[in-house]
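Accompanying notes for the structure given below.
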Number of protein chains: 4
Amino acid sequence: MYYNSGQVSCPPKDPRMKSPATAHIPEEEEVAVNHRTIVGRKRRANTEAKIIEAALQVFAEKGRDAPVIDDFIKAAGIARGTFYNYFKSTSELLTATSTWLTDDLVESIEREIQGIPDPVIRHGMGNRLWMKKAESDPAWCGFVASIWFQGGFALKAPLRDIRLGIKSGGFACSDANVGYDMAMGTMRQGMIRLIAQSSPQKRKGYGDKIVEIILQGLGADPNKINQAMKLPLPDMRRPTRTVG
Amino acid sequence: MYYNSGQVSCPPKDPRMKSPATAHIPEEEEVAVNHRTIVGRKRRANTEAKIIEAALQVFAEKGRDAPVIDDFIKAAGIARGTFYNYFKSTSELLTATSTWLTDDLVESIEREIQGIPDPVIRHGMGNRLWMKKAESDPAWCGFVASIWFQGGFALKAPLRDIRLGIKSGGFACSDANVGYDMAMGTMRQGMIRLIAQSSPQKRKGYGDKIVEIILQGLGADPNKINQAMKLPLPDMRRPTRTVG
Amino acid sequence: MYYNSGQVSCPPKDPRMKSPATAHIPEEEEVAVNHRTIVGRKRRANTEAKIIEAALQVFAEKGRDAPVIDDFIKAAGIARGTFYNYFKSTSELLTATSTWLTDDLVESIEREIQGIPDPVIRHGMGNRLWMKKAESDPAWCGFVASIWFQGGFALKAPLRDIRLGIKSGGFACSDANVGYDMAMGTMRQGMIRLIAQSSPQKRKGYGDKIVEIILQGLGADPNKINQAMKLPLPDMRRPTRTVG
Amino acid sequence: MYYNSGQVSCPPKDPRMKSPATAHIPEEEEVAVNHRTIVGRKRRANTEAKIIEAALQVFAEKGRDAPVIDDFIKAAGIARGTFYNYFKSTSELLTATSTWLTDDLVESIEREIQGIPDPVIRHGMGNRLWMKKAESDPAWCGFVASIWFQGGFALKAPLRDIRLGIKSGGFACSDANVGYDMAMGTMRQGMIRLIAQSSPQKRKGYGDKIVEIILQGLGADPNKINQAMKLPLPDMRRPTRTVG
DNA sequence: AATGAATGAGAGTTCATTCAT
DNA sequence: GATGAATGAACTCTCATTCAT
């Protein structure tokens, strides 16, 4: 995995898969998978997806702390009690939502760039794909910048590539942590600017500028930077999840 | 002014000075500034300072959103009603606190670096002084990183110096905004790492590394970077405000 | 309708009926009126009635402005939060209570007198029934005099009958508004005296005297006044709502 | 006295006179009326008048119950503590204000009509003068209708005249209390209509209509009513107090 | 007398959580 | 599983009153 968030968890596509909220359900009992069980599972998955999708909207609109349970159940069209069948608190929902929202982008990016051998180019391309998403999907950008970055935000892959780049001499940077802080901090700040910037033509291209200055900050060779910035960005196969 | 936040306001040292919460009190134009008035002002200023100082502790401990009025009045040792004589809400108190906490650091930094003619060196020195404070005062660092960076965080001076640096050829950076985002984002992320890092010897020197990578990211000449990093950091004359 | 207050609304006898506080609940158009829904509605209606009945007591005891939320919830035996599930404020509760309390008396009176053709007699009989209620139910009288008369108190039927009476020559009165003010003002003042008067034998008959002077004030013929005052007062079929 | 309110108290014209709020000051001590005492008294009277005049405005604007101490001290331009030097509570201020506002009207009316021997005519003229004030001074009318009528409102003179009128055969009314309720209730209701009616030409003459119907309600002879309504209204010598 | 900062009881309101149906 | 009425702790805010100066 390239962009590999610390807390990986699969979104509830497959009703058989454990999602964070359902992790407590013992699986051993599930010997007799009869019709009712299957129906029940489908309903569960359905409702959970409904809640998470509604939560995305709500968090994107109101931010991290303002939303109250009522906002979620109204947006999801469910009853108060139903909420508690899936999530113990809003913060658990926040975690689930973040995970669901970023995981497959992270996976997609990783899939796209795993073939690139040079860590400098690979890092640059990974960042570009990330910022492209931020540029083109304001709601996603808003959610991630203000919410998902909070607390965790530990992407393993970039740190690893920065380390490899330093070792290989591609990056001139005294300390991998410093480089990582620079890269992550700059991306975040760039995303914050993208949120504030409503005009699409002004957003256009800002992501690449951000990536370029990151590579410069990491001390990459200008020619290599040019090379990384000129590579065509692949269309990511499956469209990734979106907020709206 | 170098580090010049938008809303500069003097802390309530001098009871005659306007502070945000006392701004409505008529001053010089007052016809009869009699004894009672003066006494009253002193008390006001006193209490306001007491509240703000307590608030610093509270915000540093509990963060930006968690604290409730009760936390502040208990910490300040005042009555509920007294709080409302000074601040309409916790967020107003937050603003006042941020302002009070950062304003004189910003002023001090500015005073120190205004004599440096080269915008690259000046920018580097300004950043170093800022990060030095962050390194040496964990509570201040925690407060500022989590609270003051929120929303506003528009320091005019760094942006201006980045612009001047680009114009003079000292910085190689396609867009001043990008450079600004990089510089600010990196400092923030560096401060977040400083907070997480409790061991003093690991904190030691991290601020300078952050500044160094910022200058590299801005495309400064390595010699000039060296020069900026080697200049001795002046002791700022008055010790700046601190959280504890 | 005779005594027809502006905002007629049915009291929540039938859980399916809209009452002010439950007006937002979708009804017939609801697709699936299942068991749970029905049960929920019954509970809602129940609680609402419980609150309103308690509110009557409270308002009657403490007046219009003194009561606080706590009084209502204690009297109704509900939790703080439950109150807000039904009413946003005490004044909304006041409105609901007034409406609930007067509406069916107004309806009953109207039912009784609609058959009387002469507007003079009809007006007299309507007033007599109203004052009879005031005489016999001190709590109701106190509530209505101090609360319901506030602001609105625009009963359409009396005004219409006064107008008809003037047109037909039964009343000698220069201006229907003046007559209306006289009639309403006199009844209110009479009710205030009834409240102050705790001895039942002194209250006895005071309502009829009030009505008599109103008719005299409207310039009705003494014989007709006599006639209106001598007609037996019908027992209103269903006992109307009462405060206690 | 004709219109003689129960609680008569002189307004603070003469600083030597006791007003309700100063009634507790012992007079015995006042043997040595030196300069300072006199100055103090003048200040007292001044401040009290200032408070009461401000209170009139406040009550007229906000009604009987809504105003808080803050409203009064802001309107009067005094300090919090000063308020308590004069009034123990808002309701004491309300009483003082009512008294101050109505007393001299009551006196003036009484002075004007004391020479009229016939109780019917006298009552009619008294009412007319009252309603004339109501017609011409909306603020006064608003204050009196909504505030002063509350609670007390026991005017002795009208009741006495109604009694005398009944005894002399001028009024045909079974019970003086009923007549009194009719007269007072009708005036109040008429005043309420005057408040609601902002157009001066519609207000014009309404007071006399109100008085006319009162006399008719009391059973006065039509000729005598005519006579009472045709007498020219005297200009009351001193202009009475007004709200603005 | 006048001042106005400080007080704290008490009122209003929100909202996460439970639970019978 | 789904429902939504009921709950009450926790929070915000107001305002009459005191008192040192």
Side-chain angles (χ1 to χ4, degrees), chain A residues 36 39-44 46-48 67-73 77-91, chain B residues 22 25 32 34-48 50 67-71 73 77-90, chain C residues 22 25 32 34-48 67-71 73 77-86 88-90, chain D residues 36 39-44 46-48 67-73 77-91:
Chain A
R36 266 184 57 200
V39 168
R41 267 182 194 143
K42 272 186 188 148
R43 269 216 292 184
R44 254 203 97 75
N46 245 331
T47 306
E48 189 174 346
V68 296
I69 303 269
D70 227 67
D71 297 322
F72 298 117
I73 66 173
I78 57 165
R80 294 191 94 66
T82 305
F83 181 90
Y84 288 94
N85 287 337
Y86 293 91
F87 302 98
K88 280 205 295 286
S89 66
T90 59
S91 88
Chain B
T22 55
I25 295 181
N34 56 21
H35 179 61
R36 273 192 302 272
T37 314
I38 289 168
V39 168
R41 269 184 191 145
K42 269 185 192 149
R43 274 217 292 176
R44 264 201 91 76
N46 237 328
T47 306
E48 190 177 344
K50 201 160 63 174
V68 296
I69 303 274
D70 230 67
D71 297 322
I73 68 175
I78 56 165
R80 292 192 92 64
T82 305
F83 180 90
Y84 287 96
N85 286 341
Y86 292 88
F87 303 98
K88 280 203 294 289
S89 64
T90 57
Chain C
T22 55
I25 295 180
N34 56 21
H35 178 61
R36 274 193 301 271
T37 314
I38 289 168
V39 168
R41 268 185 191 143
K42 268 184 191 150
R43 274 217 293 176
R44 264 201 91 76
N46 236 329
T47 306
E48 189 176 345
V68 295
I69 304 273
D70 230 66
D71 297 323
I73 68 173
I78 56 165
R80 289 192 95 63
T82 305
F83 180 90
Y84 287 96
N85 287 341
Y86 293 88
K88 278 203 295 289
S89 64
T90 58
Chain D
R36 266 183 58 199
V39 168
R41 266 182 194 144
K42 271 186 187 148
R43 270 216 293 183
R44 256 204 95 75
N46 246 331
T47 307
E48 189 174 346
V68 296
I69 304 268
D70 227 67
D71 297 322
F72 298 118
I73 66 173
I78 57 164
R80 295 191 93 65
T82 306
F83 181 90
Y84 288 94
N85 287 338
Y86 292 91
F87 302 98
K88 279 205 296 286
S89 65
T90 59
S91 89

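Because the structure is predicted, anything quoted here is derived from the model rather than measured. Each chain gets a letter, A, B and so on, in the order the sequences are listed, and its residues count up from 1.
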With both pairing distances under 3.5 angstrom for Watson-Crick or G-U wobble, and | for a partner in another strand, the correct string for DNA chain F is .||||||||||||||||||||
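- One distance of note links OG1 of D:Thr82 with OH of D:Tyr84; it measures 11.5 Å at 0.5 Å rounding.
- A:Ile78 approaches A:Phe83 most closely through the heavy-atom pair CD1-N, 3.9 Å.
- Applying the side-chain hydrogen bond (donor to acceptor under 3.5 Å, both in side chains) test to C:Asn46 and every residue at least two apart in sequence or in another chain returns nothing.
- As rounded to whole Å, 10 Å separates atom C1' of E:dT3 from atom CD1 of D:Ile73.
- Closest of all the heavy-atom pairs between B:Arg44 and B:Tyr86 is CA-OH, 3.3 Å.
- For the pair A:Thr47 and F:dA2, the criterion of a side-chain N or O lying under 4.0 Å from OP1 or OP2 is met.
- Rounding to whole angstrom units, CD of residue A:Glu48 and C1' of F:dA2 are separated by 15 Å.
- Nearest to the side chain of C:Arg44, among F:dA5, E:dT17, E:dA5, sits F:dA5.
- Take the nearest nucleotide of DNA chain E for B:Ile78 and for D:Ala79: the residue whose nucleotide is more 5' is D:Ala79.
- Distance CG (B:Asn46) to P (E:dG4): 18 Å, rounded to an integer number of Å.
- Atom OH of A:Tyr86 is separated from atom C1' of F:dT3 by 13 Å (rounded to the nearest Å).
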Shorter than 3.5 Å, N or O on both sides, protein versus nucleotides 14-16 of chain F: list them out with atom names.
from   : atom 1 : to      : atom 2 : distance (Å)
F:dA16 : OP2    : D:Ile69 : N      : 2.9

